[in-house]
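Structure, as structure tokens:
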Amino acid sequence: MSEIDDLKKLLHYHNHRYYVLDDPEISDGEYDSLFNKLLTLEQRDPSLITPDSPTQRVGAKTSEKFKKVEHRKRMLSLSNAMNVDELRQFDSRIKKDLNIIDSDLEYIVEPKLDGFSVEAVYENNVFVLGSTRGDGNVGEDITNNLKTVRSIPLSLPNILFTPLEVRGEVVMEKKEFEELNLMRENLGEQLFANPRNSAAGSIRQLDPKITASRKLKAYFYGLGITVNKSFKTQEDILTYINNSGFKITEFKKCRDIEEVIKECKRLENLRNDFMFEIDGTVVKVNDLSKQNALGERSRSPRWAIAYKFTPQEATTRIVNIVLQVGRTGVVTPVAVLEPVNISGVEVRRATLHNIDEILKKDIRIGDTVIIHRAGDVIPKIIKVVLSIRTGDEKQFKMPKNCPVCDSKIVRVEDESAYRCLNIRCPSVIKEKIKHFVSRRAMNIEGLGDKLVEQMVDNKIIKDFSDIYTLTIEKIKTLERSGDKSSANLLNAIKSSKEQDLQRLVYGLGIRHIGETISKSLVNVYKDISLFENANKDDLTKIKDIGNEAADSIISFFSNKQNLEVISQMQKAGVKMCMETTGGEGLLQGKRFAFTGTLSLFSRVLARDTVEDLGGITVSSVSKNLDFLVAGDQPGSKFKIAEKLGIKIINEDKFKELVQL
DNA sequence: TAGCCTCGAGTTCA
DNA sequence: CTCGAGGCTA
């Protein structure tokens, strides 16, 4: 056998290890050197180049449009089940059609990839044709582009039958998609709305070089025409496809429809853990003879159904853009949306962050937009659907004055935010007070957002100190404040006077000073009066305090009004010094993070427990972490911790550790 | 000075 | 949760 053939075999093998099994045996460098060796040999005698050679993945640009390709067997789509009931209906309908009365029907459940459907045809072992689904009958010839997808084998190890037609989905992994969009953003190019569009756009490129650069993956799930009759089940087919060198997704064989439902729910919960987008599951009757008996409708088979996850993406219209003024005076534009249901909640508003964001995405009032709720909860506007623009949309301009107090708003150099600098701005006052009374600061229960707003509007309070001069008469002038609730509120205010100093310092809302720095500050300056004399040198010696934070502290404590408010609070009996703490704790200096649902502790209790014992709690995992406490259904932190070799403990272990 | 880590700040709905 | 930026470290 020639050296060229050996090299090709070797490269195919290592390509498969790398791109299909994700388990390379040799380094990238070694692969490249084998590849270059083959390239040299082929260049010496180009007549030896075969179409399945690894050097032929990226072909020449096709100038004309894609050629049409007729599918020998129609590529169908799937009917949808929008909920669990529709899955059960599907099951009973099939059983009726098959005359199955008192027995169960076996199904295969696979994740449904949100990508681009393709077919790859192999003749005598060699990849000869790649096509899109098109309308199901006729697709487009994308052979050259599919060849660039490294997880698709160019030749197969052994022939079971020929031709072999495999069907699957080309996807772009989420990470890849984000990187691509980031790059396009830097180049000022139009962004892709989601990984599916991105995969579709990449596969329909006339220049295979572009497709090759997109790092697409392909997963296969079925066959086209099948001359071979040895397959009995869908499971056989998946196993065969996989053994022939294709990537397949995980799948599960289910005894009955209830197990199918369980599996669908499981995958739905895990959807964010997949590297690629999945928008549902595909449920197929496992037995091929039963599939045949059921047959197909005009556009979809009767033996399969797609179970759709509750969507995390939706289209809606921007009714208006309004402005919010936060506690730091930042003026934030917020889109008011036509209410739309995404993953079970009605979304009406979405932040637009700042004017740069609006201009970058070219968002206008009246635009139709795609909004998204990923693993998190916060809706995000992904992009404007430009194709439905009527021309009646209104561009949004930042006003010159604060929408609340009408004073001039300014944009600090190099910042995208506009700020209202009026310290008497009612909105700023309200937000500052809400922050002061919030759970993590002074924790005054019963003083919620609505009440604070009323109090400021009615001029009952104008700064923190006024909270401590409230009387039952004043509170009762407000809506929905009776004897009982007013008394409760006064009690809560009274007990807040004893809060730790660090909570007070945090509650003051000094720029750049959050919970952590408040704590470090309080450890050094144990009495509020000492803060006034703090100098920059001393401050910057404290961990995490640099130039900006130090300046911010000094400027806060040299402001007369601030000092006046503090002194008023002191007169009202608010504790202004730190209690001496009793020595070293059990967990002194140990860093903890939590993930998943805890059952023995609430998050707050777990946090307080650690901190009472001198430990530190953090919200993200890094190599400095000492313990990750994992509850039920841990999130991404779990994987990161595993990778970094962080000690992961369960709740029971944690309980032992804190000796409760 | 670059790159990593952490902290702060803003954010939606039930 | 996520982003941006301040601060720390090599």
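Just so we're on the same page: letters track the sequence lines, and every chain starts at 1.
- Summarising the geometry, the separation between CG on A:Asp449 and P on B:dA14 is reported as 16 Å, rounded to the nearest angstrom.
- Candidate nucleotides B:dT12, B:dG8, B:dT6 were compared by shortest atom distance to the side chain of A:Thr516, and B:dG8 ranks first.
- Rounded to whole angstrom, the span from the NE2 atom of A:His353 across to the P atom of B:dG8 amounts to 19 Å.
- Atoms CG (A:Asn354) and P (C:dG4) sit 9 Å apart, rounded to a whole Å.
- Between A:Phe436 and A:Phe464, the ring planes lie parallel to each other; the angle is under 30°, not in the 30° to 60° tilted range.
- Taking every side-chain heavy atom of A:Glu346 into account, B:dA14 is the closest of B:dG10, C:dG7, B:dA14.
- No hydrogens or angles considered: nothing links the side chains of A:Lys408 and A:Asn422 as a donor-acceptor pair under 3.5 Å.
- Rounded to whole Å, the distance from NZ on A:Lys519 to C1' on B:dC7 is 13 Å.
- Figure legend: A:Arg511 and A:Phe556 shown without cation-pi pairing, the cationic atom not lying both under 6.0 angstrom from the six-membered ring centre and within 45 degrees of its axis.
- Here the nucleotide nearest the side chain of A:Glu548, chosen from B:dG8, C:dG6, B:dC13, is C:dG6.
- Between A:Lys434 atom NZ and B:dT12 atom C1' the separation is 14 Å, expressed in whole Å.
- Across all strands, A:Ile542 comes closer than 4.0 Å only to sugar-phosphate atoms, never to a base (heavy-atom distances).
- Distance alone, capped at 3.5 Å, places no donor-acceptor pair between the A:His512 side chain and the A:Gly546 backbone.
- Note: NE2 (A:His435) to P (B:dG8) measures 10 Å, nearest angstrom.
- Remark: aromatic rings of A:Phe177 and A:Phe276 are distant, center separation not under 6.0 Å.
- Within the structure, every side-chain polar atom (N or O) of A:Arg348 is placed at least 4.0 Å from both OP1 and OP2 of B:dC13.
- As rounded to whole Å, 14 Å separates atom C1' of B:dT6 from atom CD1 of A:Ile513.
- In the set B:dT11, C:dG7, B:dC7, B:dT11 carries the atom at the smallest distance from any side-chain atom of A:Gln324.
- Proximity of A:Thr328 to the phosphate of B:dA9: no side-chain N or O atom is located under 4.0 Å from OP1 or OP2.
- In this structure, NZ of A:Lys380 is placed 9 Å from C1' of C:dC3, rounded to the nearest angstrom.
- In the set B:dC13, B:dT11, B:dT6, the nucleotide with an atom closest to the side chain of A:Asp544 is B:dT6.
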